[in-house]
Amino acid sequence: MYHSGAIHHVKVGPLKPSTIYYYRCGKVGDKYFCLRTPPGNFPIEFVIIGDLGQTEWTKSTLSHISAADYDMLLLPGDLSYADMYQPYWDTFGRLVEPQARTRPWMVTEGNHEIEAHHKDDKIAFLAYNKRWLMPHEDSHSKSNLYYSFDVAGAAAHVVMLGSYAGFNQGSEQYAWLKRDLANVDRQRTSWLLVVLHTPWYNTNEAHQGDGEDMRAAMERLLYDARVDIVFAGHVHAYERFTRTYDNQADGQGPVYITIGDGGNREGLATKYIDITSNFS
């Protein structure tokens, strides 16, 4: 019984780095917003939050964000927790507007963005894709669920992977990721970051093994490309691993960090399991 208002996407640019632009949406009223673009070189400051939701904890997180002088926000999935109740997409948009209208917000999908269990991503992520359209075509991705972009004059390259899009060898995402990483010039790009929803490494009792199939399929690509850091959400806790590859400490692997504690309505995941000394 839900009918959304018209949803518009407008592409503007090219925009200069470290510049404040004033804009308004439509011709109604005199309310102008301002957006500051990221810098064209280092230093650059990211805010990274996962599993945000719409609770009092969310408001506290947003308050901390507003107090920071950051350049760009990265969100590894589980935005509104609409869970197919469409009005929650509207309330979430209004909730994050004070922050999202002033800095770029780059997001990828989580399980709470799924509309229905359907093989067609265009249906399963219909509301998400319509409301949070990312510039995936700029990185030659065929899907809004995964894409990449350069920041700070290509000194950093950020890859937003889709935990709920096909990822095995033979999938479009796998072929795209292989091409994308191969095109990164590490002589020019000092930092290579990956953001996805479901963690590949996790010692919390919550969501044990959820990312294992994707890890088995894609981990070698990240390792060969010498990815620096992988950020994930999904598990509602903070956890940081040493540099890791194939379940072993490895000085050439990425650092894995879980940050799924942005304010979701399900609360924190506080129970951890014992692990071997592989990561000590």
Side-chain angles (χ1 to χ4, degrees), residues 7-54 57-80 89-109 128-139 141 144 146-160 184 188-196 228-229 231 233 257 259 262-263:
I7 297 175
H8 299 278
H9 298 287
V10 179
K11 187 174 182 178
V12 297
L15 303 179
K16 297 178 181 179
S18 298
T19 303
I20 297 177
Y21 288 89
Y22 293 89
Y23 66 97
R24 66 179 180 181
C25 300
K27 297 181 180 180
V28 179
D30 297 323
K31 187 176 182 180
Y32 279 82
F33 303 131
C34 66
L35 170 75
R36 192 182 76 190
T37 57
N41 46 48
F42 285 151
I44 182 170
E45 183 172 341
F46 295 101
V47 163
I48 308 176
I49 51 174
D51 301 65
L52 192 53
Q54 306 181 54
W57 299 312
T58 307
K59 293 179 180 179
S60 176
T61 299
L62 294 174
S63 178
H64 283 290
I65 291 171
S66 296
D69 186 27
Y70 68 100
D71 299 302
M72 176 179 288
L73 184 142
L74 307 177
L75 206 168
D78 283 1
L79 284 70
S80 69
W89 281 109
D90 297 326
T91 55
F92 180 76
R94 289 191 286 269
L95 178 64
V96 303
E97 180 187 324
Q99 293 78 28
R101 72 189 183 203
T102 62
R103 299 289 190 276
W105 276 41
M106 310 302 287
V107 306
T108 189
E109 85 285 357
Y128 168 79
N129 285 333
K130 292 295 184 181
R131 294 175 182 272
W132 290 85
L133 180 63
M134 296 288 105
H136 61 278
E137 294 177 346
D138 292 352
S139 59
S141 168
N144 190 50
Y146 51 88
Y147 59 98
S148 69
F149 57 92
D150 290 331
V151 291
H157 185 72
V158 182
V159 179
M160 309 291 284
V184 177
R188 181 186 181 193
T189 303
S190 303
W191 288 90
L192 183 51
L193 311 178
V194 171
V195 179
L196 74 165
D228 295 292
I229 307 176
F231 292 99
I257 301 178
I259 46 157

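Everything numeric in this text was worked out from a predicted model, so none of it was measured. Counting from 1, the numbers follow the sequence of the chain as shown.
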Margin query: Using modelled atom types and a 3.5 Å cut-off, is there a donor and acceptor pairing between side-chain atoms of T189 and backbone atoms of A154?
Written below: yes

Margin query: Under a 3.5 Å distance rule, please check whether N144 uses its side chain to pair with a backbone N or O of E109 as donor and acceptor.
Written below: no

Check: Atom CZ of F46 and atom CZ of R103: how far apart are they, to the nearest 0.5 Å?
Finding: 13.5 Å

Checklist line | Those residues that, when tested against S190, pass side chain to side chain contact (heavy atoms under 4.5 Å, CB included) (two or more places apart) | finding: F42

Note to self: I need the F149 CZ to H136 NE2 distance, nearest 0.5 Å.
What the structure shows: 14.5 Å

Item checked: Those residues that, when tested against E137, pass salt bridge (charged side-chain N to carboxylate O under 4.0 Å, His left out) (two or more places apart) -> none

Next item on the list: With sequence neighbours excluded, tell me which residues meet salt bridge (charged side-chain N to carboxylate O under 4.0 Å, His left out) with R36.
Entry: D69, D71

Item checked: Distance (rounded to the nearest 0.5 Å) between L15 CG and I20 CD1 -> 13.0 Å

Checklist line | Qualifying residues under side chain to side chain contact (heavy atoms under 4.5 Å, CB included), relative to P104, sequence neighbours excluded | finding: L35, P38, M72

Note to self: Given E97, which partner from the list Q99, R94, R101 fulfils the side-chain hydrogen bond (donor to acceptor under 3.5 Å, both in side chains) test?
What the structure shows: R101

Note to self: Suppose we screen for side chain to side chain contact (heavy atoms under 4.5 Å, CB included). Which residues come up paired with W57, at least two apart in sequence or across chains?
What the structure shows: T55

Next item on the list: Any chance you could measure D228, atom CG, to L193, atom CG, to the nearest 0.5 Å?
Entry: 6.5 Å

Next item on the list: Answer whether the closest heavy-atom distance between the side chains of L196 and P76 falls below 4.5 Å.
Entry: no

Checklist line | Distance in Å, I48 CD1 paired with Y70 OH, rounded so as to fall on 0.5 Å steps | finding: 12.5 Å

Check: So, the side chain of T37 versus the backbone of K16: is there a donor-acceptor pair under 3.5 Å, distance only?
Finding: yes

Item checked: Side-chain heavy atoms of L74 within contact of V158, under 4.5 Å -> yes

Next item on the list: Could you tell me whether a side-chain N or O of T58 sits under 3.5 Å from a main-chain N or O of G263, the two making a donor and an acceptor?
Entry: yes

Item checked: Residues that T91 engages under side chain to side chain donor-acceptor pair (under 3.5 Å), provided they are two or more places apart -> Q54

Notebook entry, point to check: Got K59 and L95 here, is their nearest side-chain heavy-atom distance under 4.5 Å?
Noted result: yes

Notebook entry, point to check: Would I65 and L73 satisfy side-chain contact (heavy atoms from CB on, under 4.5 Å), going step by step from the backbone distance to the final call?
Noted result: CA-CA 9 Å; I65 291 171; L73 184 142; 3.8 Å; yes

Check: Does the side chain of V12 come within less than 4.5 Å of Y21's, by heavy atoms?
Finding: no

Note to self: With heavy-atom distances below 4.5 Å as the criterion, would you say the side chains of L52 and L79 are in contact?
What the structure shows: no

Notebook entry, point to check: What distance separates S148 OG from M134 CE, expressed to the nearest 0.5 Å?
Noted result: 13.5 Å

Margin query: Going by the rule salt bridge (charged side-chain N to carboxylate O under 4.0 Å, His left out), which residues pair with R188 if we only count those two or more places apart in sequence or in a different chain?
Written below: none

Note to self: Restricting to ring pair (Phe, Tyr, Trp, His ring centres under 6.0 Å), what partner residues turn up for Y147, sequence neighbours left out?
What the structure shows: none

Notebook entry, point to check: Can you tell if the side chain of D90 reaches within under 4.5 Å of the side chain of R131, non-hydrogen atoms only?
Noted result: yes

Margin query: List the residues meeting ring pair (Phe, Tyr, Trp, His ring centres under 6.0 Å) with F33, not counting sequence neighbours, and say none if there are none.
Written below: Y23

Notebook entry, point to check: So, for H9 and I7, which heavy atoms are closest and what is the spacing to 0.1 Å?
Noted result: NE2-CG2, 4.0 Å

Check: Among all residues two or more places apart in sequence or in another chain, which pass the salt bridge (charged side-chain N to carboxylate O under 4.0 Å, His left out) test with D150?
Finding: none

Margin query: Less than 4.5 Å apart, side chain to side chain, heavy atoms only: is that true for P17 and P39?
Written below: no

Notebook entry, point to check: Residues two or more places apart in sequence or in another chain: which of them pass side chain to side chain contact (heavy atoms under 4.5 Å, CB included) with D138?
Noted result: K11, P135

Next item on the list: Would you list the pairs meeting side-chain hydrogen bond (donor to acceptor under 3.5 Å, both in side chains) in which at least one residue belongs to residues 40-52, sequence neighbours left out?
Entry: D51-Y81, D51-H236

